There are 2 protein chains.
Amino acid sequence: MSGRGRVASGQPTIADVARHAGVAVSTVSYVLSGKRAISELTRNRVLASIRLLGYHPNAGARALASRRANVIALVLPLRSGIQVPVVMQFATAVVTSARRHDHDVLLLTSDEGPEGLRRIAAGALVDGVLVMDVELHDARVPLLRELGRPSVLIGLPADTGGLTCVDLDFHRAGQVCVEHLAGLGHRRIALLGAPSAVYDRETGFAHRTRAGVVEAADRHGVEAVTEPCEENAADVHARVVELFTRHPELSGLVVQNEAAVGPVQAALVGLGRRVPYDVSVVAVCPDQFAEHASPRLTSVPVPAEEIGRQAVSLLMRKLHEEPVPEVTLLEPRLTVRDSTATATAEPVPAGDGTAAARFCDGTAAAR
Amino acid sequence: MSGRGRVASGQPTIADVARHAGVAVSTVSYVLSGKRAISELTRNRVLASIRLLGYHPNAGARALASRRANVIALVLPLRSGIQVPVVMQFATAVVTSARRHDHDVLLLTSDEGPEGLRRIAAGALVDGVLVMDVELHDARVPLLRELGRPSVLIGLPADTGGLTCVDLDFHRAGQVCVEHLAGLGHRRIALLGAPSAVYDRETGFAHRTRAGVVEAADRHGVEAVTEPCEENAADVHARVVELFTRHPELSGLVVQNEAAVGPVQAALVGLGRRVPYDVSVVAVCPDQFAEHASPRLTSVPVPAEEIGRQAVSLLMRKLHEEPVPEVTLLEPRLTVRDSTATATAEPVPAGDGTAAARFCDGTAAAR
DNA sequence: ATCCGCCGTCGAAGCGCTTCGACAACCGGC
DNA sequence: GCCGGTTGTCGAAGCGCTTCGACGGCGGAT
């Protein structure tokens, strides 16, 4: 009856392989899993049969018997206000890394909410969960704690107790930006941040960056104002104009909003402020954006790929019941490009040989 | 032995529910699936037990027994040259629609290639496949044909025989853009297209749009030049400058490249050409982009959400073995905003009227 | 030689669910 | 009041795989 798996499903079963190779079903299984020693000879015979028959293990049966689905869930924020390209980079990195660990990725959207998580996890559709876009007081966090399945958060909630979180150290990133500007002699700077919805939602990264900026500014005797900013050209323009109207002496700008990068530059041009001669701009954005802007932007990239890889790797370790750190923060690195320069005390003559000239006076005290 | 499912897995099994409700396992199953009549009384008792125990059916067991995983695969292009936000919109729409049909979505990347598809499908991890970013001569197409699992392509390969495809009618979209410009009296237009890599890869939509543009231009006696364009500000700028240098009399621009939208406008400003007074711009891009640009762009949106929904719905119908059309093309609609205007015959008073002046000689014969 | 232990393999017992056939109990029609 | 047809429920047979215990055979230690 169970003699001819091919008939029912069109796919050969492990029994077909076993019969073809003249071994027991369990032997085939052990060849595949490597959990028991199998002689070279037998292994080769089995592998040959597998290839010949085009056998692929049935995922459902495997999951049922082994209690591991070899699938992880990835919960993505598919809503506005979140940087789409960064999310895509995450997703790519996660899928790629997961495959390296022989796992597939089930895609969930945030808006399915906790119920979706529960369904997936309780039904054993997935072995573990990766959650992006975590808010400071995220409704899913308590659920994750009680879920009984390993999970890794990308982002930091207010209380990380009993969780595993990875993220860029945005607090440090904010500091780094300010330190860079301060080092160039800028004394009045502004943070043009995420859309206000992101702050309202208490998404950690926006708050942490802002805190880092404010703190470093304090520490370096720099005056800093912070301003949220929507993701459309018109609002960016309005914010920039407003900023420079209220604070005409601003000479440094930290921009944490990919969508704003282009429009900010346009707006500055409109105001007759040149980058970097009149205003230095540091962006927190994907490298790709920074490279493609003109002038190329000094930036602190969000290492989406690295974070994705780390997250998967942490999750895998949890699946193997290895201990992992509660919080993993990646050190930001600032790449200097063409959008930042020494703060000038004097108006700039003309041409652009001047940039170099200015470096001299402003940067004398550089340590 | 199988008496206490809770012990082994921590999750109650259908047997626990049955015992608790005082019915047979099969009865519980029928309550859940509705495939046989169950008395009101029994049903309620069972449902109460389910809720009380917090029962969730085990996905693996269900898939094994029913031969349906209730999961579909979504193959996304996670590489460059493809419009990221559009892809995200697709993904969101697909996940959301799939959930409405009680299915989950497994995320695959294109770069796993055909082997990934085979693994997923043969292993019965998924019931069907959705493939995005189909190329004219896509290596995965033959595989899909032989796979024995329902699939839907988002995009059109050269030969659609035996397949199911959904897409925006890009050919028509190209025509619509040209018709709009022609109707406004423009006689020299250009298509600023996708990155050349996209054309080389023979991704259908780019070619189809170009063909539509060329054809409609011919038909309307409009001169059209087409030009690929990379996704960075510098290249966009260069292309625009080059276009207007070689064809100074250009007065209409069709842009099919989200990333180019902002830079194009900047470049035109740089050339002293105002939108829409000197140059009319029509974009093929997400509505969101068109809305947020300034001036707001007349555009043909890519209805990613609609296409995603359609794709899922088609796939579901195939899963139920219902017949579906081979090709579903969505009619493009053009939204007129502020970036297109009538071609001028007279020089525009203020500003640098030179641009407008040039229109006179070239466009006298407009019908 | 003899025994122990290891290696390589096998058979069988599930994993938790769906589904098929069986079968009481009950209905109305003649 | 007997029969055919529902209606509601049950039991059991798998679905295809993993894993555990068993076991024959072989080599090295005794």
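Each chain gets a letter, A, B and so on, in the order the sequences are listed, and its residues count up from 1. What you see is a predicted model, and the numbers here were worked out from it, not measured in a lab.
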Using a cut-off of less than 4.0 Å, is there contact between a side-chain N or O of Ser29(A) and OP1 or OP2 of dT18(D)?
yes

I need the [atom1]-[atom2] distance between [X] and [N], as an integer number of Å.
X        : N       : atom1 : atom2 : value
Arg62(A) : dC15(D) : CZ    : P     : 19 Å
Lys35(B) : dT9(D)  : NZ    : C1'   : 18 Å
Arg68(A) : dC17(D) : CZ    : C1'   : 14 Å
Leu64(B) : dC17(C) : CG    : P     : 12 Å

Ordered by number, residues from residues 39-52 of chain A within less than 4.0 Å of DNA chain D (heavy atoms) are none

In 5'-to-3' order, the base (B), backbone-only (S) or no-contact (-) status of each nucleotide in nucleotides 22-28 of chain C, using a 4.0 angstrom heavy-atom cut-off, is B------

Is any side-chain N of the basic residue among Arg140(A) and Glu135(A) closer than 4.0 Å to the acidic one's carboxylate O?
no

Would you call Arg118(B) and Glu146(B) a salt bridge, taking side-chain N to carboxylate O under 4.0 Å as the test?
yes

Can you tell which of [options] lies closest to the side chain of [X]?
X        : options                   : result
Ser26(A) : dA12(C), dT18(C), dC15(C) : dA12(C)
Tyr55(A) : dC15(C), dC17(C), dC17(D) : dC17(D)
Ala37(A) : dT19(C), dG8(C), dT19(D)  : dG8(C)
Ala24(B) : dG11(D), dC10(C), dG16(C) : dG11(D)
Pro57(A) : dC15(C), dC17(D), dT9(C)  : dC17(D)

Is a side-chain donor-acceptor pair under 3.5 Å present for Thr42(A) with Ser39(A)?
yes

Is there a donor on the side chain of Tyr30(A) or the base of dC17(D) sitting less than 3.5 Å from an acceptor on the other?
no

Quick check on the helix from dA1(C)-dT30(D) to dC30(C)-dG1(D): what's the angle between its two end axes, five base pairs per end, to the nearest 10°?
40°

Report which part of the nucleic acid Val25(B) touches: base, sugar-phosphate, or nothing (heavy-atom distance under 4.0 Å, all strands).
base

